[in-house]
Asker: 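Before anything else, here's the structure in question.
Note that this is a predicted model, so its numbers are computed, not measured.
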Amino acid sequence: VYIGNLGNGYDLLTPLTALAEFAKDATLDIAGGGPLEDKWRQQADRLKLGARVRFHGYLSNDALGQLLAQCSVGIVPMIDDSYVGIPYKLTDYLMANLKVVSSLGGECGELLERHSAGALYRAGEAESFAAALRKCIALPDGGPAQLLKEFDAKHIYDDYVRRAVAL
């Protein structure tokens, strides 16, 4: 599943191409909208993905929760030169207990790997995306819940206070 903006900062071509070429048994649900929505719909049509890609548009919180509950993996398909460190959608996926396939290295990638909550791929490379998807699905359960604890306010603020006192 992908939730969020269908704008310039995201590369849905890579996951769409991966579904067409390397992950023929996978499906993709897309919730959200934006200026590139028509482009991604046309690309899905060109790749003959049919019912394997479903565009849901903007969803209410309840409908989004229901959609996420039906999915097993959330994707973070950022463009290669993204300046995003940790996107909001990551915590949305973790709260739904989804493993995550992401093109973001840095802190996001380190957290996903440390907690066995997801897998990384090289932005723009469909075969790399498909490999990360397979790796992600094979990960043991529990990683998303463990990683979600890293975002708990009590954990964050206790760590902040310890560091401030140490200075």
Side-chain angles (χ1 to χ4, degrees), residues 1-59 63-65 67-68 70-139 143-144 147-148 150-151:
V1 67
Y2 171 79
I3 61 173
N5 184 6
L6 301 177
N8 292 321
Y10 300 95
D11 169 30
L12 288 174
L13 178 59
T14 300
L16 291 171
T17 303
L19 262 66
E21 296 179 7
F22 306 106
K24 296 189 184 251
D25 58 342
T27 61
L28 177 60
D29 286 282
I30 299 172
L36 299 182
E37 182 174 351
D38 287 340
K39 174 184 177 180
W40 302 130
R41 284 179 180 273
Q42 291 168 8
Q43 189 62 39
D45 288 343
R46 269 195 294 280
L47 292 168
K48 299 181 180 7
L49 292 170
R52 293 180 51 217
V53 175
R54 294 175 293 272
F55 289 85
H56 298 273
Y58 292 104
L59 298 175
L64 182 58
L67 174 64
L68 291 174
Q70 298 170 15
C71 298
S72 56
V73 175
I75 64 172
V76 180
M78 305 299 293
I79 59 173
D80 193 28
D81 59 352
S82 175
Y83 292 108
V84 173
I86 298 179
Y88 290 118
K89 67 178 65 7
L90 175 64
T91 54
D92 292 330
Y93 295 149
L94 297 173
M95 288 173 48
N97 202 33
L98 300 181
K99 297 170 187 172
V100 178
V101 171
S102 175
S103 63
L104 289 176
E107 187 175 12
C108 180
E110 188 273 325
L111 287 168
L112 288 170
E113 290 183 338
R114 179 164 28 111
H115 292 282
S116 297
L120 303 179
Y121 73 98
R122 289 178 302 283
E125 296 185 20
E127 191 167 3
S128 175
F129 179 91
L133 181 60
R134 287 189 293 276
K135 178 181 177 183
C136 189
I137 291 168
L139 288 171
L147 176 50
L148 188 59
E150 295 269 344
F151 296 100

Asker: Between V100 and V73, is any pair of side-chain heavy atoms under 4.5 Å apart?
Answerer: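 Side chain of V100 against side chain of V73, heavy atoms only: no contact under 4.5 Å found.
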
Asker: Is the shortest side-chain heavy-atom distance between Y10 and I79 below 4.5 Å?
Answerer: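 No; the side chains remain at least 4.5 Å from each other.
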
Asker: Could you tell me which residues satisfy ring pair (Phe, Tyr, Trp, His ring centres under 6.0 Å) with F129, sequence neighbours excluded, listed by chain and number?
Answerer: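 Y121.
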
Asker: Show your working on side chain to side chain contact (heavy atoms under 4.5 Å, CB included) between L6 and L12 and close with a plain yes or no.
Answerer: CA-CA 8 Å; L6 301 177; L12 288 174; 3.4 Å; yes

Asker: Which residues satisfy the side-chain contact (heavy atoms from CB on, under 4.5 Å) test with E125, sequence neighbours excluded?
Answerer: R122, S128

Asker: Main chain of L139, side chain of K99: is a donor-acceptor contact present, judged purely on distance under 3.5 Å?
Answerer: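 Yes, K99 side chain to L139 backbone: donor-acceptor pair under 3.5 Å.
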
Asker: Calculate, to the nearest 0.5 Å, the distance between atoms CZ and NZ belonging to R46 and K39 respectively.
Answerer: 9.0 Å

Asker: Which atom pair, heavy atoms only, marks the closest approach of A132 to A119?
Answerer: O-CB, 3.4 Å

Asker: Does the side chain of P15 reach to within under 4.5 Å of the side chain of I75, using non-hydrogen atoms?
Answerer: yes

Asker: Does any part of the side chain of N8, heavy atoms only, come nearer than 4.5 Å to the side chain of P35, both counted from C-beta?
Answerer: no

Asker: To the closest 0.5 Å, what do you measure between CG (N5) and CD (E37)?
Answerer: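 The distance works out to 10.5 Å.
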
Asker: The criterion is side-chain contact (heavy atoms from CB on, under 4.5 Å); which residues satisfy it with L120, sequence neighbours excluded?
Answerer: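 Listed in chain order: S102, L112, E113.
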
Asker: Quick one: are L59 and L67 in side-chain contact, heavy atoms under 4.5 Å?
Answerer: yes

Asker: Quick one: pull up CG in N97 and OG in S72 and give me the separation to the nearest 0.5 Å.
Answerer: 11.0 Å

Asker: Going by salt bridge (Lys or Arg N to Asp or Glu O under 4.0 Å), name the pairs with one or both residues in residues 9-32, residues two or more places apart or in two chains.
Answerer: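 Qualifying pairs: D29-R54.
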
Asker: Kindly indicate whether the side chain of E150, heavy atoms from C-beta on, has any atom under 4.5 Å from the side chain of L111.
Answerer: yes

Asker: Within the structure provided, determine whether L13 and W40 are in side-chain contact (heavy-atom separation under 4.5 Å).
Answerer: yes

Asker: How long is the span from the NZ atom in K48 to the CG atom in L19, to the nearest 0.5 Å?
Answerer: 15.5 Å

Asker: So does A26 get a backbone contact from the side chain of R52, meaning a donor-acceptor N/O pair under 3.5 Å?
Answerer: yes

Asker: Does L47 have any side-chain contact (heavy atoms from CB on, under 4.5 Å) partners at least two apart in sequence or in another chain, and if so, which?
Answerer: L16, T17, A20, Q43, L49

Asker: Which residues pass the side-chain contact (heavy atoms from CB on, under 4.5 Å) test with I3, sequence neighbours left out?
Answerer: V1, A31, L64, L68, K89, D92, Y93

Asker: Measuring from atom CE of M78 to atom OG1 of T14, what distance do you get when rounded to the nearest 0.5 angstrom?
Answerer: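 That separation rounds to 12.5 Å.
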
Asker: State, with a plain yes or no, whether a side-chain heavy atom of V53 is found less than 4.5 Å away from one of T27.
Answerer: no

Asker: Can you name the nearest heavy-atom pair linking C108 to L90, along with the distance?
Answerer: SG-CD2, 4.0 Å

